[in-house]
K.L.:
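Got a structure for you, written out below as structure tokens; questions coming shortly.
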Number of protein chains: 2
Amino acid sequence: MTRAVAMPEGAPLGGPTGPNGGVRTDFLHGLLGYNARRTSLHLVACFVRDLADLQLKPVGFSVLCLVGHNPGITSRQLCQTLDIQAPNLVGLVSALTERGCLQRQPHPTDGRAWGLHLTPAGESLLAQAETRILASEQQACAGLSPAEQATLQQLLQKIYLA
Amino acid sequence: MTRAVAMPEGAPLGGPTGPNGGVRTDFLHGLLGYNARRTSLHLVACFVRDLADLQLKPVGFSVLCLVGHNPGITSRQLCQTLDIQAPNLVGLVSALTERGCLQRQPHPTDGRAWGLHLTPAGESLLAQAETRILASEQQACAGLSPAEQATLQQLLQKIYLA
DNA sequence: TATTGTTATACTCTATAACTATA
DNA sequence: TATAGTTATAGAGTATAACAATA
């Protein structure tokens, strides 16, 4: 890369230098997508940090959670509910199965499908994970009142469930 | 993979079958991280779809936007503001530079740094993109009143700016 | 013919280590 | 010695195409 030689006359130089960097972020902070993405990345990082010893990440937890609360659920139902692609679910289910947390049983009416169930180890892991993630989120959202947290969830669901 | 032969007695089979799949999602829907992530993915998809012809994706737009509103900003300031790693910014800046939208100029006081500026083409692209993303979000958030949208942004910022 | 689950694979995004030039 | 920018690279996440088995 070659450094520019000539300087355009009158071009403002130096960039923002004020407090906290002085970077103007007004437009980005007015975008819902930007705020949602930054919040999501922040909460995902909290999740990964606080559930590291359980070896669970958000999507794997979501699978475990849905199977736990919906015994016999199929891969297709998981994909539809979580909006993920079928090929990407295979590895998640396989990993949880090999960990001894998940079990595939023949579907009673559809020979193509498998009904997914938690093992006792899976039930135990889910219970621990649910307790842990609730505590993690309480810490991350300490600045919000319970009413604000409820409002936030309702507004978010209005968008992605539309 | 071998199909299970014996069926555990008393195990509930068949899984959820009620309306809209009948899948119970109560716990997930009570998690802020889940709702934020689903909303973020939804709005990112809207962004990519509605700004495809501008060849801009969320992070590239954020860079363009910050440079436009902060002439002379450095890569380091962009990384800190957007919370991205320096090596991952290089390609974004290079691509925008090669498109003729960005220009690097020597930093007036720090010989290691470059001040980033928009070209006229960059200004034009930013103006189009800002108009487009506002329309995209209005469509995606049609179910929310302006007051609700403002509330949502404030609550989200309370979390990731904490 | 359509659907479930799967494999293979490619593409994108993100993270880390190491290097250079300068402060 | 520390920092700004860069390169190379590895890992994770996500997407499509194609296939076997069953509806």
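Order of the sequence lines sets the chain letters (A, B, ...), proteins ahead of strands, with each chain counted from 1. Because only heavy atoms are used, hydrogens play no part in the values below, and waters and symmetry mates are left out as well, while side chains stay in. All of these numbers come straight from a predicted model, not from anything done at the bench.
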K.L.:
What pairs of residues pass the salt bridge (Lys or Arg N to Asp or Glu O under 4.0 Å) test when at least one of them lies in residues 43-56 of chain B, not counting sequence neighbours?
P.N.:
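Qualifying pairs, neighbours excluded: Asp53(B)-Arg132(B).
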K.L.:
Take the protein atom CZ of Arg104(A) and the nucleotide atom C1' of dA21(D), then report the distance between them rounded to whole Å.
P.N.:
15 Å
K.L.:
Kindly say if Lys57(B) contacts the phosphate of dT12(C), meaning a side-chain N or O under 4.0 Å from OP1 or OP2.
P.N.:
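The answer is no; no side-chain N or O of Lys57(B) sits under 4.0 Å from OP1 or OP2.
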K.L.:
Specify the residue among Arg76(A) and Asn88(A) whose closest nucleotide of DNA chain C lies further upstream toward the 5′ end.
P.N.:
Arg76(A)
K.L.:
Any pair with a residue in residues 24-41 of chain B that passes salt bridge (Lys or Arg N to Asp or Glu O under 4.0 Å), sequence neighbours left out, goes on the list, sorted by first then second residue, please.
P.N.:
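The answer is Arg24(B)-Asp26(B).
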K.L.:
Rounding to an integer number of Å, can you tell me how far Phe47(A) CZ sits from dG13(D) P?
P.N.:
12 Å
K.L.:
Between Ser62(A) and Pro58(A), is there a donor-acceptor pair closer than 3.5 Å when you use the side chain of the first and the backbone of the second?
P.N.:
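Yes.
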K.L.:
Provide, to the nearest angstrom, the distance between the CG atom belonging to Leu89(A) and the C1' atom belonging to dA12(D).
P.N.:
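So the two atoms are 16 Å apart, to the nearest Å.
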K.L.:
Just checking, any donor-acceptor pair under 3.5 angstrom between side chains of Asn35(A) and Tyr160(B)?
P.N.:
yes
K.L.:
Tell me which of Ser94(A) and Thr109(B) sits closer to the 5' end of DNA chain C, going by the nucleotide each one is nearest to.
P.N.:
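With Ser94(A) and Thr109(B) compared, the 5'-side residue is Ser94(A).
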K.L.:
Spell out yes or no: do the side chain of Arg112(B) and the base of dT3(D) have one donor N/O and one acceptor N/O closer than 3.5 Å?
P.N.:
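Side chain to base: pair found, below 3.5 Å.
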K.L.:
Output the rounded distance in Å from CG (Asp110(B)) to P (dA2(D)).
P.N.:
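These atoms are roughly 17 Å apart.
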K.L.:
For Gln85(B) and dG5(D), what is the distance between atoms CD and C1' respectively, to the nearest whole Å?
P.N.:
14 Å
K.L.:
Could you tell me how far apart Gln105(A) (CD) and dT4(C) (P) are, to the nearest whole angstrom?
P.N.:
20 Å
K.L.:
Can you tell me the distance, in whole Å, between the CD1 atom of Ile73(B) and the C1' atom of dA4(D)?
P.N.:
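So the two atoms are 14 Å apart, to the nearest Å.
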K.L.:
Which of these nucleotides, dG5(C), dT16(D), dT7(D), is closest to any side-chain atom of Pro87(B)?
P.N.:
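Nearest to the side chain of Pro87(B) among the choices is dT7(D).
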K.L.:
In this structure, how many angstroms lie between the C1' atom of dT14(C) and the CG atom of Leu92(B), rounded?
P.N.:
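The distance from CG of Leu92(B) to C1' of dT14(C) comes to 11 Å, rounded to the nearest Å.
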